Amino acid sequence: MFAGGYSVTSLESEGGRLRAERLRKLEDLKGLGVKPYPYRFERTHKAEALHKLYEGLAPETETQDVVRVCGKVLNERNSWMFVDLYDESGKIQLFCHKESLSQEKLDMRKLFDKGDYIGVTGTVRRTKAGELSIRVTDFELLCKSLQPLPDSWEGFTDVEARYRHRYVDMVMNPSVRDTLRKRSMAVRAIRQFLDDRDFLEIETPTLQVEAGGADARPFVTHHNTLDIDLYLRIATELHLKRLIVGGFERVYEIGRIFRNEGISTRHNPEFTMLEMYCAYGDYNDLMDFAEEMVVDCAMKVCGTNSLEYQGQTLSLARPWRRVRMNDAIKEVTGVDVESVKTFDEMKKVATTLGVHLEKEESRGEVINTIFESKVESTLIQPTFIIDYPVEISPLTKAHRTNPGEVERFELFVFGRELANGYSELSDPLDQRARLEDQARKKAAGNEEAMPLDLDFILAMEYGMPPTMGIGIGIDRLVMFLTNSASIRDVIAFPTMKPIAEPAKQLKDTVAEKV
RNA sequence: GCAUCCGUAGCUCAGUAGGUAGAGCACUCGGCUUUUAACCGAUUGGUCCUGCGUUCGAGUCGCAGCGGAUGCACCA
């Protein structure tokens, strides 16, 4: 039994009165010869199908149509005369009149609780109040629930309890399931979009000797028999580009990424990213591609390209604005950073603008910091910011005309970065120099700098065709599609800090029983 | 990591000035029976997140800790 003081996370504890009551009913059911955890049930209709099928049935009408439905009991009225049965598709009301049921079944019914799964046989009717119902002539228990559900009127609103016991959240708050359903639809739409265009989805390693491809701190784990530390990937980029080197021309991966950074409403330690690479295109082609893919996804999930998000309307109507980073800074601050040529001068400009600098080591990094602190939050409608400083883009091809810049864009929506794409750097000597520079920063103590991946450089020396590549944060995209304020709302089981004591006590309990 | 706020029954929440721990719903028992949060009656249910302190006395005041939310930082 759990120690007390953890009510927010233990729900009804093992020693709880309500649970004990249900255990008693479980024993009583067994005494009646009922098997409380049977193996299968043959159903004829889901709730939604019945509502559709009997749409025209008038109130106070009885049919002789026999159906079999099953699901979870979430509400009951009049001592189980009226029962709300829920399956995945929705609700169907059961009418359990005692004249239609045997005494044996009536005795059984007394031992049911909200939360139990049952399967019923009965005839379709519509009540005087107009509610489509099933006159139950027979039923069976499909699962006895031992835990009381939260009050259905007040709801289950405690945010921590909802995230810690997400299955209860899903039962009590249908919007949770709706959001996850839409997430699944969004991922399916993207896969279909890419598959239709001859892309191959190829899975790349999650466990890596060096974690590269992004500026982020990795998680460390350990392989026992090899006796080496391994890192969880922070990006799929370096391996997907190796596939392009290997001769694939269109590849992608929708995969879990792990970054050992802070947690917030927009950051979960593990999240899902689409990375896509396509040979013979550049970042201009890629922006067209990204627009088309995201709009296609929104249309398939929401049926519209106009999204209501946190009180704002986001229009995905194409084309989306494309602005050079320098021009965006000029628009917002009035400062033309292009006329500022040196690192020292740029630092002064930043200070004048009230931008706080920390670890910036170059002119380009300062420009990026100015952009992030002054411009990002103003980009509500979808906007591609293009042409980034080379210093913050070690994997991007140099801009074909602008010195010091690279052919990179980031897509911003609602002030948030949603995607990052570029003309991929394919010059192996340039790539080596850039990664060596990153390695120097890492050696100097910058934990987010990339490690020197010599095999990746070797791959580049074999030769990669001109390639465009993009990464899109799936969780963040789904947040927009589902009007979710927190990334945790679009993740089935978000990362939570464990509560040590109950877990330990549970282990002790298990140990005692063994 | 920093700041602010939060933690009381299974759920949702009150709790006044520091003075025996409360409500609604749920649960249990009884009554009633074509409801729409059914209704009527009765009962039951607590490590007030944890620990320490102040006090005759702490849900309430103080300190420390744990967990969470939001914002900032980091970052995508």
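Here the structure is a predicted model, which means the values were calculated and not measured. To find a chain, count down the sequence lines: A is the first, B the second, and so on, and within it residues start at 1.
For B:rU34, neither phosphate oxygen OP1 nor OP2 lies less than 4.0 angstrom from any side-chain nitrogen or oxygen of A:Arg126. The side chain of A:Arg77 contributes an N or O atom lying less than 4.0 Å from OP1 or OP2 of B:rA38. One finds a side-chain N or O of A:Lys497 lying less than 4.0 angstrom from the OP1 or OP2 phosphate oxygen of B:rG67. One finds a side-chain N or O of A:Arg164 lying less than 4.0 angstrom from the OP1 or OP2 phosphate oxygen of B:rG68.
Between the CG atom of A:Asp158 and the P atom of B:rC6 there is a distance of 15 Å, rounded to whole Å. The CD atom of A:Glu76 sits 13 Å away from the C1' atom of B:rC25 (whole-angstrom rounding). In this structure, the CZ atom of A:Phe112 is 18 Å from the C1' atom of B:rC27, given to the nearest Å. Atom CD of A:Glu270 and atom P of B:rA76 are 17 Å apart (whole Å). What separates NZ of A:Lys114 from C1' of B:rC11 is a distance of 11 Å, to the nearest Å. Distance, A:Asn368 CG to B:rC74 C1': 14 Å, rounded to whole Å. Rounded to whole Å, atom P of B:rA38 lies 15 Å from atom CZ of A:Phe95. A straight line from CG of A:Asp215 to C1' of B:rC74 spans 12 Å, rounded to a whole angstrom.
The side chain of A:Thr265 lies closest to B:rU70 when the candidates are B:rA26, B:rA38, B:rU70. With B:rA38, B:rA76, B:rA69 as the candidates, the nucleotide lying closest to the side chain of A:Val159 is B:rA69. Counting only heavy atoms from C-beta on, A:Arg266 has its side chain closest to B:rC72 among B:rA76, B:rU34, B:rC72. Comparing atom distances between the A:Arg17 side chain and each of B:rU44, B:rC32, B:rA38 picks out B:rU44 as nearest. Counting only heavy atoms from C-beta on, A:Gln93 has its side chain closest to B:rU36 among B:rU36, B:rU28, B:rG10. Which of B:rC27, B:rU33, B:rG10 sits closest to the side chain of A:Asp113 comes down to B:rC27. Side-chain proximity of A:Glu160 to the nucleotides B:rC32, B:rU12, B:rG67 is greatest for B:rG67.
Taking atom C1' on both nucleotides, B:rG15 is separated from B:rU20 by 14 Å, rounded to a whole Å. Distance check on atom C1': B:rG10 versus B:rC32 gives 27 Å, rounded to whole Å. Nucleotides B:rC27 and B:rC61 have their P atoms positioned 35 Å apart, rounded to a whole Å. If you take atom P in B:rA21 and the same atom in B:rU47, they sit 13 Å apart, rounded to whole Å. Between B:rG65 and B:rC48, the two P atoms lie 22 Å apart (nearest whole Å). Spacing between B:rC74 and B:rG18 at atom C1', rounded to whole Å, works out to 44 Å. The same atom, C1', is picked in B:rA76 and in B:rC63; the two are 39 Å apart, to the nearest Å. The same atom, C1', is picked in B:rC6 and in B:rA14; the two are 16 Å apart, to the nearest Å.
Using a 4.0 Å heavy-atom distance criterion, A:Asn268 is classed as a base contact. Counting any heavy atom pair closer than 4.0 Å across all strands shown, A:Met496 reaches sugar-phosphate atoms only and no base atom. At the heavy-atom level, A:Ala129 lies under 4.0 Å from base atoms of the strands shown.
Remark: the backbone N or O of A:Gln381 is paired with a side-chain donor or acceptor of A:Thr383 at under 3.5 angstrom. Between the A:Tyr54 side chain and the A:Ser133 main chain, no donor and acceptor come within less than 3.5 Å of each other. When atom types are taken as modelled, the side chain of A:Thr351 and the backbone of A:Lys347 share a donor-acceptor pair closer than 3.5 angstrom. Under the 3.5 Å distance criterion, the side-chain polar atoms of A:Glu410 are left unmatched by any main-chain donor or acceptor of A:Ile386. Judged by distance alone, the side chain of A:Lys114 and the main-chain N or O of A:Asn75 form no donor-acceptor pair under 3.5 Å.
For A:Tyr388 and A:Tyr422, the ring centers sit 6.0 Å or farther from each other. For an aromatic pair to be called close, the ring centres must be under 6.0 Å apart, and A:Tyr252 with A:Tyr277 fails this. Aromatic ring centres of A:Phe289 and A:Tyr283: separated by at least 6.0 Å. A centroid separation of 6.0 Å or more is found between the aromatic rings of A:Tyr117 and A:Phe112.
Below the 3.5 angstrom threshold, one finds a donor paired with an acceptor across the side chain of A:Thr127 and the base of B:rU35. Evaluation of atom-type donor-acceptor distances gives no pair under 3.5 Å for the side chain of A:Asp151 against the base of B:rU12. Judged by distance alone with a 3.5 Å cut-off, no donor-acceptor contact links the side chain of A:Glu131 to the base of B:rU35.
Using a 4.5 Å cut-off on side-chain heavy atoms (C-beta onward), A:Phe414 and A:Phe480 make contact.
Of the residues near RNA chain B, A:Gly155 and A:Arg125, the one whose nearest nucleotide (by heavy atom distance) lies more toward the 5' end is A:Gly155.
Within residues 473-491 of chain A, the residues approached by RNA chain B to less than 4.0 Å at the level of any non-hydrogen atom are A:Arg476, A:Arg488, in residue-number order.
With a cut-off of 3.5 Å on both Watson-Crick or G-U wobble distances, the partner of B:rG1 is given as B:rC72. If you check B:rU35 for Watson-Crick or wobble pairing at under 3.5 angstrom, you find it has no partner at all. Across all strands shown, B:rG51 is found opposite B:rC63 as a Watson-Crick or G-U wobble partner, with both distances under 3.5 Å. In this entry B:rC13 has B:rG22 as its Watson-Crick or G-U wobble partner, both defining distances falling under 3.5 Å.
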For A:Leu101 and A:His97: C-alpha separation, side-chain torsions, deciding distance, then whether side chain to side chain contact (heavy atoms under 4.5 Å, CB included) applies. CA-CA 7 Å; A:Leu101 290 163; A:His97 200 273; over 6 Å; no

